[in-house]
Number of protein chains: 2
Amino acid sequence: MKKITIGEAARRSGVKVPTVRYYESIGLLAAPSRSEGNQRSFEPADINRLAFIRHARELGFEIEAIRTLLTLQDDPHQSCASADAIAKARLVEVEQRIRSLTALKAELETMVEGCGHGRVDQCRVIEVLADHGQCTHPHH
Amino acid sequence: MKKITIGEAARRSGVKVPTVRYYESIGLLAAPSRSEGNQRSFEPADINRLAFIRHARELGFEIEAIRTLLTLQDDPHQSCASADAIAKARLVEVEQRIRSLTALKAELETMVEGCGHGRVDQCRVIEVLADHGQCTHPHH
DNA sequence: CCTACATCCTCTAGCGACTAGAGGTGCAAG
DNA sequence: CTTGCACCTCTAGTCGCTAGAGGATGTAGG
């Protein structure tokens, strides 16, 4: 058995060292065995689990959603309906967020374009912020 | 002078009561005068300021950016270059975020579509999460 | 074997922008 | 006068880490 230190686990999974310890502390990752000198010694499976978590985090899944996804992964004979539901919910969130950010972008563009680069009292950025009624797009 | 209570200030500005107190505590809003019984009494100008803050927050500006925007608003003879720069920076952020979310959306769609609604060991959602190499889009 | 240095350990506190709750006071209507 | 809501302050919690203190371990070179 080659021992994988936390540093190497971090490098291989792309999760930072303190974050690995954090995941262990919240029970997302099982506590690994320890060396004589009390240092963590990870298994290859832990690296996979960390990579899974990292990827899910990059996709914006919350820790609790990931916890559910991981329990599903741990028991591959279950129905994947929950995984499907979680992913679908996340998709809806992302679509909503894109819509709202797109409206926002239009708003910001109007602000920036309208700015005459003069003094504040003619500045459209400040003006639009002060008066919501000037919003051209129903972003909120 | 009609006194505006914190509750009415909240209703009129769309900022929640505890959040109004929070803004005061971090110096975003000047501490208002108090009634005999130590209750806050706001001016109409405070409502405008709160509405400004709320709108800026909805547009995703950070508190420190809003602090700068507010000092600009307080002195309308200044150049609006800073306001312009802040808005432009925010626009760049928003555009970046939209791009990344759009890639994410494609990823999630692939996951959800591929899901045969069977057991976990055939589930594409879990599979893709476990193996970053299966990502079709360079979202991260 | 000793030293230097990177890496590891635990623990606590901090980030942003609030939000929730405890425990108490003020105020207007019935 | 009492009911009941709105107000007050203060502390602690949220999420997902991140930073730092202060110390122990592991490894490579001399």
Side-chain angles (χ1 to χ4, degrees), chain A residues 1-29 31-42 46-47 49-70 86 89-90 93 97 140, chain B residues 2-29 31-42 46 49-70 86 89-90 93 97 140:
Chain A
M1 299 287 174
K2 56 203 163 199
K3 51 194 165 181
I4 304 173
T5 65
I6 195 168
E8 193 165 334
R11 235 175 306 111
R12 287 213 235 158
S13 64
V15 176
K16 288 184 203 154
V17 168
T19 307
V20 174
R21 286 197 277 252
Y22 170 70
Y23 288 159
E24 184 191 323
S25 81
I26 61 167
L28 215 54
L29 191 70
S33 57
R34 299 289 183 121
S35 75
E36 296 237 335
N38 196 36
Q39 303 204 343
R40 287 172 182 81
S41 179
F42 293 90
D46 296 322
I47 311 294
R49 200 172 172 95
L50 282 169
F52 184 104
I53 297 170
R54 180 186 149 223
H55 195 189
R57 287 293 301 139
E58 281 171 350
L59 289 167
F61 289 95
E62 290 176 5
I63 293 288
E64 287 315 304
I66 296 173
R67 203 186 290 279
T68 305
L69 290 169
L70 282 168
I86 291 171
R90 178 73 193 130
E93 274 172 37
R97 193 93 187 97
H140 41 260
Chain B
K2 58 204 162 199
K3 51 196 165 182
I4 304 174
T5 65
I6 196 168
E8 193 165 334
R11 236 177 311 108
R12 287 212 236 160
S13 65
V15 176
K16 289 185 204 153
V17 168
T19 307
V20 174
R21 286 196 277 251
Y22 170 69
Y23 287 159
E24 184 190 322
S25 81
I26 61 168
L28 216 54
L29 191 70
S33 57
R34 299 289 183 122
S35 75
E36 294 238 335
N38 197 35
Q39 304 204 344
R40 287 172 182 81
S41 178
F42 293 89
D46 296 322
R49 199 171 173 98
L50 281 169
F52 184 105
I53 297 170
R54 181 186 148 222
H55 195 190
R57 287 294 300 137
E58 281 170 351
L59 289 167
F61 289 95
E62 290 174 4
I63 293 287
E64 287 315 302
I66 296 172
R67 204 187 288 280
T68 305
L69 290 169
L70 282 167
I86 291 172
R90 178 73 193 131
E93 274 171 39
R97 193 91 185 98
H140 40 264

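Here the structure is a predicted model, which means the values were calculated and not measured. Values reported hereafter were calculated over all heavy atoms of this structure, with side chains retained and with hydrogens, waters and symmetry mates removed.
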Looking at B:Thr19, I'd like to know whether one of its side-chain N or O atoms comes within less than 4.0 Å of OP1 or OP2 on C:dC18.
no
According to a strict under-4.0 Å criterion, is B:Arg21 in side-chain N/O contact with OP1 or OP2 of D:dT9?
no
Does B:Glu93 pair with B:Arg97 as a salt bridge, N-O distance under 4.0 Å?
no
Would you please confirm or rule out a distance under 4.0 Å between OP1 or OP2 of C:dC18 and any side-chain N or O of B:Arg57?
yes
Can you figure out which of C:dC27, C:dC8, C:dT10 approaches the side chain of A:Arg40 most closely?
C:dT10
Could you check how far CG of B:Leu50 sits from P of C:dC18, rounded to whole Å?
12 Å
Quick one: is B:Ser35 getting a side-chain N or O under 4.0 Å of the C:dC27 phosphate, OP1 or OP2?
yes
When rounded to the nearest 0.5 angstrom, what distance separates NE2 in B:His55 from CG in B:Leu69?
12.0 Å
When rounded to the nearest 0.5 angstrom, what is the spacing between OG1 in A:Thr19 and CD1 in A:Ile6?
9.5 Å
What is the separation between atom CZ on B:Arg67 and atom C1' on C:dG16, rounded to the nearest whole Å?
12 Å
From CZ of B:Phe42 over to P of D:dA6, roughly how many Å is that when rounded to an integer?
16 Å
Closest-nucleotide ordering on DNA chain C, the 5'-leading residue of B:Gly37 and B:Glu64
B:Glu64
Of the listed nucleotides (C:dC9, C:dG26, C:dA17), which one gets closest to any side-chain atom of A:Ile6?
C:dC9
So what does B:Glu36 touch, heavy atoms closer than 4.0 Å: a base, only the sugar-phosphate, or nothing?
nothing
Figure out the CD1/P separation between A:Ile63 and D:dT18, and round it to whole Å.
11 Å
Tell me which of A:Pro18 and A:Asn38 sits closer to the 5' end of DNA chain D, going by the nucleotide each one is nearest to.
A:Pro18
Kindly say if B:Tyr23 contacts the phosphate of C:dC18, meaning a side-chain N or O under 4.0 Å from OP1 or OP2.
yes
If you pin B:Arg34 and A:Lys16 to their nearest nucleotides in DNA chain D, which one's is more 5'?
B:Arg34
What's the CZ-C1' distance between B:Phe61 and C:dG16, to the nearest Å?
17 Å
What integer distance in Å separates B:Glu58:CD from C:dC18:C1'?
15 Å
Salt bridge or not between A:Glu8 and A:Lys3? Use side-chain N to carboxylate O under 4.0 Å.
no
Distance, rounded to the nearest Å, where B:Leu28 contributes CG and C:dA17 contributes P:
10 Å
State whether A:Glu62 and A:Arg90 are salt-bridged, where the test is any N-O pair (Lys NZ or Arg NE/NH1/NH2 against Asp/Glu carboxylate O) under 4.0 Å.
no
Can you check the A:Glu24 CD to C:dC8 P distance for me, whole Å?
14 Å
